[in-house]
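Take a look at the structure below.
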Amino acid sequence: TPPAGWKSTGTTSMRAATYPVPPAQGDHDAAECAVYFFGQGQGGTVQANLDRWKGQFQTKDGKPSPAITAKSTIHGLPVTTIDVTGAYSGMGGPGSTAPTGAAGYRLLGAIVENPAGNIFIKFTGPSKTMAANQAKFQQLLNSFDKAGK
């Protein structure tokens with residue numbers, strides 16, 4: 001269930017939903033929250049996805065950006081989150097509006113381990129926009145349950 005103000009632009013073969021988020025004051029680019037669902041046993045391991053997402057960010061000196069990961073449980077479902085900031089190398093996937101090589105970007109990601117298949121949520125955009133929408137991202141995460149919603 002998307003938070004108030006987030007409207008999906010629809011689904012694609014890879015995306016269950018895409019939520020464009022307008023830029024916060026001081027940012028020029030919009031952010032994007034993509035929800036991926038590939039089915040049971042598909043989409044790669046939790047760690048492989050965390051590593052790939054982290055690898056899309058670098059510090060100003062070209063080194064991998066540090067990432068904060070955490071594990072929690074939402075409605076009985078294991079959830080692993082990642083928070084990483086830096087220069088974003090892209091890899092948004094088909095239909096992504098995120099620029100490549102953008103400095104000052106942030107990714108809030110989550111993998112919800114659902115019995116019907118993992119759900120991957122990748123929210124990427126300029127740092128100010130991401131900070132302004134961090135609570136909405138958590139609200140989206142909190143809406144997932146074992147019914148696969």
Side-chain angles (χ1 to χ4, degrees), residues 1-74 77-114 117-144:
T1 305
W6 285 22
K7 304 280 186 237
S8 178
T9 58
T11 63
T12 69
S13 62
M14 291 183 59
R15 292 183 180 199
T18 302
Y19 302 102
V21 178
Q25 187 171 2
D27 281 341
H28 292 75
D29 297 326
E32 177 182 82
C33 184
V35 180
Y36 300 91
F37 178 76
F38 305 105
Q40 194 169 30
Q42 302 298 308
T45 67
V46 170
Q47 192 60 52
N49 280 276
L50 296 175
D51 291 345
R52 182 171 39 80
W53 290 348
K54 181 182 175 188
Q56 295 171 359
F57 285 81
Q58 294 184 344
T59 62
K60 289 179 184 178
D61 59 0
K63 294 181 181 174
S65 291
I68 299 167
T69 58
K71 292 185 180 288
S72 64
T73 302
I74 298 173
L77 297 170
V79 177
T80 305
T81 58
I82 184 170
D83 186 344
V84 61
T85 302
Y88 181 50
S89 66
M91 227 5 237
S96 175
T97 58
T100 59
Y105 261 55
R106 182 177 180 193
L107 176 141
L108 296 173
I111 301 168
V112 179
E113 296 180 58
N114 184 24
N118 291 347
I119 302 163
F120 305 88
I121 304 102
K122 183 178 179 187
F123 185 27
T124 312
S127 294
K128 289 179 186 175
T129 301
M130 297 300 291
N133 286 278
Q134 188 166 353
K136 288 188 175 190
F137 176 76
Q138 188 61 51
Q139 191 178 355
L140 176 68
L141 287 184
N142 290 340
S143 74
F144 286 94

- [ ] Indicate yes or no for a side-chain donor-acceptor contact from Thr80 to the backbone of Lys71 under 3.5 Å, with no hydrogens or angles considered.
- [x] no
- [ ] Check the pair Val46, Asn118 against side chain to side chain contact (heavy atoms under 4.5 Å, CB included), reporting the backbone distance first and the verdict last.
- [x] CA-CA 9 Å; Val46 170; Asn118 291 347; 4.2 Å; yes
Open item on the list: Less than 6.0 angstrom separating the ring centers of Phe38 and Phe120, yes or no?
Closed with: yes
Task: Beyond-backbone contact of Trp6 with Asn133, side-chain heavy atoms, under 4.5 angstrom - done: yes
Task: Non-hydrogen side-chain atoms of Val112 and Ile74 separated by less than 4.5 Å - done: no
Task: Distance-minimising heavy-atom pair for Pro64 and Thr59 - done: O-CG2, 3.9 Å
TODO: Using salt bridge (Lys or Arg N to Asp or Glu O under 4.0 Å) as the criterion, point out the one residue from Arg106, Lys54, Lys122 that pairs with Asp83.
DONE: Arg106
Open item on the list: Check for me whether the distance between the ring centres of Trp53 and Tyr88 falls short of 6.0 Å.
Closed with: no
Task: side chain to side chain contact (heavy atoms under 4.5 Å, CB included) between Ser65 and Thr85, worked out - done: CA-CA 7 Å; Ser65 291; Thr85 302; over 6 Å; no
Task: Modelled atom types, side-chain donor and acceptor of Tyr105 and Asp29, under 3.5 Å - done: yes
Open item on the list: Ile119 vs Ile111, test: side chain to side chain contact (heavy atoms under 4.5 Å, CB included). Steps then yes/no.
Closed with: CA-CA 6 Å; Ile119 302 163; Ile111 301 168; over 6 Å; no
TODO: Please confirm whether the backbone N or O of Gly104 pairs with a side-chain atom of Ser127, one donor and one acceptor, at under 3.5 Å?
DONE: yes
Task: Ala110 to Thr81 - nearest heavy-atom pair and separation - done: CB-CG2, 4.0 Å
TODO: Taking all heavy atoms of Met14 and all of Tyr36, pick out the closest pair and write down the distance.
DONE: O-CD2, 3.2 Å
Open item on the list: Taking the side chain as everything from C-beta on, heavy atoms only, tell me whether Ile68 gets closer than 4.5 Å to Ile82.
Closed with: no
Task: Salt bridge Glu32-Arg15, side-chain N to carboxylate O under 4.0 Å - done: yes
Open item on the list: Does any part of the side chain of Thr18, heavy atoms only, come nearer than 4.5 Å to the side chain of Cys33, both counted from C-beta?
Closed with: no
- [ ] Mind listing the closest non-hydrogen atom pair of Ala30 and Pro126 along with its distance?
- [x] O-CD, 3.7 Å
Task: pair Thr9-Tyr19: side-chain heavy atoms closer than 4.5 Å - done: no
Open item on the list: Side chains of Leu141 and Phe137, heavy atoms from C-beta outward: is any pair under 4.5 Å?
Closed with: yes
TODO: I would like to know whether Leu77 and Glu113 meet side chain to side chain contact (heavy atoms under 4.5 Å, CB included); could you show each step before the answer?
DONE: CA-CA 6 Å; Leu77 297 170; Glu113 296 180 58; over 6 Å; no
Open item on the list: Would you say that more than 12 heavy atoms from the other residues, nucleotides or ligands in this model lie under 6.0 Å from the NZ of Lys128, or not?
Closed with: no
Open item on the list: How long is the straight-line distance from OG1 of Thr1 back to CD of Gln139, given to the nearest 0.5 Å?
Closed with: 9.0 Å
Task: Closest non-hydrogen atom pair between Phe123 and Ala31, with its separation - done: CE1-CB, 3.7 Å
